[in-house]
Structure formats: structure tokens, C-alpha cells
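Note that this is a predicted model, so its numbers are computed, not measured. No hydrogens, no waters, no symmetry mates; every other heavy atom, side chains included, goes into these values. Convention: sequence-line order gives letters A, B, ...; per-chain numbering from 1.
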Protein chains: 2
Amino acid sequence: MFKTMESTPENETKAQRTRALILETALGLFREQGFERTTMRVIARQAGVSLGNAYYYFPSKEHLVQAFYGRTHAEHLEACAPVLSEEKRLGRRLLGVMRAKLATIDPYHRIAGDLFRSAADPESPLNPFGPESARVRAEAVSLFERTLDGSDVRLPKDLRDELPTILWFWQMGVLLFWIHDRSPRRRRTDLLLERTTVLVVRLIGLMSLGVMRPVRGSLLRLVRDLREEPAS
Amino acid sequence: MFKTMESTPENETKAQRTRALILETALGLFREQGFERTTMRVIARQAGVSLGNAYYYFPSKEHLVQAFYGRTHAEHLEACAPVLSEEKRLGRRLLGVMRAKLATIDPYHRIAGDLFRSAADPESPLNPFGPESARVRAEAVSLFERTLDGSDVRLPKDLRDELPTILWFWQMGVLLFWIHDRSPRRRRTDLLLERTTVLVVRLIGLMSLGVMRPVRGSLLRLVRDLREEPAS
DNA sequence: GTCTATAACCGGATAGAC
DNA sequence: GTCTATCCGGTTATAGAC
């Protein structure tokens, strides 16, 4: 932070390099050995630093996971870009975005259970509903905003405002299913995804109808109220 | 099991009493001190047994949690009985059952996060979707069956068959929210509950209509398909 | 074969010296 | 910023008592 950097020829400080090295080592080991089985000691040893040093950069094993989230989200954005720019039909766009998500995280399916386990704790910084995740969450929601806005479907304003959040919940549900999915090549998740996408699009259509005003009203008010006060 | 019990004046064996003692001690400590902060060593000491002995009866801390589940489910059934026998309106019945659930587990709200954390792991025997939980799950679903059947609402058969499972999912969602709810006296959960109950009843009404046949069809088929093959 | 006790082991996390 | 030495608690091994 307040370092007087007199002589760092590279465009990275030593600290940054050490940090990156530890993170790379950790992610590699997580993917190969699993999360629980990868101990902090092994990460440190393989990265060539001491255990204490690893904890200097990442205050807990969970903090390594946060870094992981950031990375896969960036990859997801990249993987989404084509379908978002080329496709107009809402169903296709949603399916494309969700499939890209699943494809991005698929290499980490083994450890998804462990990660989710940490994330499930309300006190955990990894808790997707918690304040520490606000930023990632907002980015994920805004991705659905773009998915909606770039489509050929016109929505009533009230629905348009809350729908991205609802779709994010849908994504969380699909991910929850994916985590528990033991079928070969995660076929069941894909089934769930295809079927629910159709339903979602159909429900959006239904909810846009005049008759649905009252139901839609209560639903949207509910989502808004619950979203406003972000727990605690 | 195959014990030749020649002389046990009490209707409990010593083993049963020891087991019960450890469980009681553990649950009490969990409630007072929290789950993580209650160590197996303290449980054992306070119960007046050795650490090894505690592990003899409960192979892991998670097994204590399973016992806890069984207990609260039984309490829930008891707490539901009045509303189920006295009330005919579906909304009231659902609300009563759900409120009874929340009331039953409320003393354990502090530790709910930790418990949920264990339960979130797909490999964990506590995972509510896993095979080890099949029995509890079936009981919970059948409670919703009774909630529906005793009401004054008549449902199309296809809906009636799948709805209990769907309501169980709803319950899981509410519980998830409850776990993360930090508002005083869990007001936000109650808000969610009241509002979603109205929605659920309304949606059931809507879904029973002729126009909804196609949507209902896909929805129910989806639930059925995903339910059939119980992961793995 | 049922039960109890003691002494480790292992890995996440911390303290404090340099 | 980096290290070594420890702590702490879940879990296991094992020895033996009833």
C-alpha cells in the first residue's frame, strides 16, 4: 500500500507475484485433488512459501474461493458475449447465458459441493446473499438485465425492473441442482435447464398479460420488499 | 441388538441412557453456545463421559445433528395437529403448518447456519436431497399431502400428485430464507411466508384452470422427471 | 460382544520473531 | 512480508474393562 517502491523493474510487485502464485497453485490443486483434500500446508509447500505466508495473503481458505469466484465470473462474461450479441430470441439468450455459466464452472464440479458448503453459512463471506458478495451479485443481476434488454420481448416496466433479480434466483436454483447432480455429463441439469427455460419464457409471457396484473403486483412487491433490506 | 438382557430393571439399557444423555447435553450446549463453539470435548466432559465414549455413540458431530432433525420433526408434527384438524381453508392450513415448523426450530436459529452448512454438502448424510434423508423427506412431503387433502380445495389429479413435493420445495426455500434472516424476531421470514402463502394459494387456483393445462403439464412433468431418479 | 478411557494425528488458524 | 512454533478442535487408534 504505502510502499516506497524504489526498484521494481517488472510491472508487478513481488507481493503481487507471490499472491498470484499462491492462488494459481491453490486453484490447480483444488481442481486436481478436491477442496477438502487440498490442505493449506500443501498449497504453501507447492507454491514454495511457508504456511504462515500463505495466510498472510489469504486470511482463510475461503478467501481463496472468493478469488476463484471473481475469475469464473469474468470467464462467464466472456463466454456469454457471442450469444448476447447475435441472438434476439429471449429463450435462446437465457439458455445461452445459463449454459455458458455451467460450462465455465464445470471443471470445478468436483469441488462445488465443498464450496457451496462454505457459501451456505450466513456468516461466511462467501454467502451469496451477504454483503461481501454484493458486488458479484450485482454484476450477475446486471448480466440478466442485459440479457432481457437485448431481446425482442417487451415487458411491462414493473416486471422489467424486478425480473433480473428473479432470474438470478432461478440461476441459483439451477446451480444448486447442478451441485447435487451426479448424472453423467450433468444431463439432468441440462434437462432442468431446458425445461425451466421454456417455462420461464412462458411465464414471462403470461405475467405480461393484463389479467395477471394482481398476481404480478403481489409477486413483484414481494421481491422488492425482500430485496430492499439486505439482511441484518 | 442381540443382547441377552437378563437384568435391566429400568425399561432402558444403560447404553440407551448414556446415548440420550450425550444427545441432551449436546443439544443444550448447541442452543446455548452455538454449534461450532461447542466442542466434542466439552459435550463429553459435561455429559460426564470420555471423549472416546461420545464418539462411540455418535460417530461424528453430524450424527448429533441427525438426531436433532428427528426430534424437531416429531415436535413439528405435534405442533401441526391442531390446525390440521380444525381448519379447512387451504391458506390457513398451509400457513399453520409452516408457522409450526418455524416455531419448532426457532430456538435453534443461531446454529441453523452451521447445520445448514453441513447439510449443503451433497456427500453429507444430512443433505436433504440425498438418499439418507429419503425417510424424513418422505414424511415431510406426506405432511403436505395431508395438508392438501384435508382442505376444502379440489385439485385436478395430476396437480394433486405432484403438489406436495412442490410445497416441500417451497418449505425448503422458506427455511433457506429463515436461516439467513437477521431481522428482529425473524419478521422478514414471516412476511415472506404470509405473502408467498397467498401467492401459492392463488397459483394453485390459477393452475387448476383449463387454460393452464399446457403450462401445468410441462411443470408437473418436469417435477416428476427430476424426482424419479434420485441423483447418483 | 459391549462399553470406556487415554493418547495421539491432522489440518485450519494464530503469535510473534526476524 | 516471511518464517517457525504453537494452539485448537474434530477425529482416529488402541488398549483394556465389564
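- The distance between atom CZ of A:Phe35 and atom C1' of C:dG11, rounded to the nearest whole Å, is 12 Å.
- For the pair A:Arg45 CZ and D:dC3 P, the interatomic distance rounds to 14 Å; values are reported in whole Å.
- For the pair A:Arg117 CZ and C:dG12 C1', the computed distance is 14 Å after rounding to whole Å.
- The distance from atom CZ of B:Phe30 to atom C1' of D:dG10 is 12 Å, rounded to the nearest whole Å.
- The side chain of B:Thr18 places no N or O atom within less than 4.0 Å of a non-bridging phosphate oxygen (OP1 or OP2) of C:dC3.
- Phosphate proximity of D:dG1 to A:Asn53: absent, as no side-chain N or O sits under 4.0 Å from OP1 or OP2.
- Looking at which nucleotide of DNA chain D each of A:Ser50 and A:Arg41 is closest to, the 5′-most match is held by A:Ser50.
- If you take CD1 of A:Ile22 and C1' of D:dG1, they are 10 Å apart, rounded to a whole angstrom.
- Residue A:Tyr57 places at least one side-chain N or O closer than 4.0 Å to OP1 or OP2 of D:dT2.
- Between B:Arg99 and B:Glu194 there is a salt bridge, with a side-chain nitrogen of the basic residue lying less than 4.0 Å from a carboxylate oxygen of the acidic one.
- Interatomic distance, B:Arg227 CZ to B:Glu162 CD, rounded to the nearest 0.5 Å: 4.0 Å.
- Between A:Asp181 and A:Arg186 there is no salt bridge, since no side-chain nitrogen of the basic residue lies less than 4.0 Å from a carboxylate oxygen of the acidic one.
- The CG atom of A:Leu64 sits 11 Å away from the P atom of C:dG12 (whole-angstrom rounding).
- For D:dT2, the OP1/OP2 oxygens have no side-chain nitrogen or oxygen of A:Tyr56 closer than 4.0 Å.
- As rounded to whole Å, 10 Å separates atom P of C:dT14 from atom CE of A:Met40.
- Remark: side-chain polar atoms of A:Arg182 are paired, donor with acceptor, to backbone N or O of A:Ile179 under 3.5 angstrom.
- In terms of phosphate contacts, B:Lys14 brings no side-chain nitrogen or oxygen within less than 4.0 Å of OP1 or OP2 of C:dT2.
- Both A:Leu51 and B:Tyr55 sit near DNA chain D, but only A:Leu51 has its closest nucleotide nearer the 5' end.
- One interatomic measurement links the two molecules: CZ of B:Arg37 to P of D:dC8, which rounds to 15 Å at whole-angstrom precision.
- Counting all heavy atoms, side chain and backbone alike, A:Glu132 lies closest to A:Ser124 at OE1-O, 4.5 Å.
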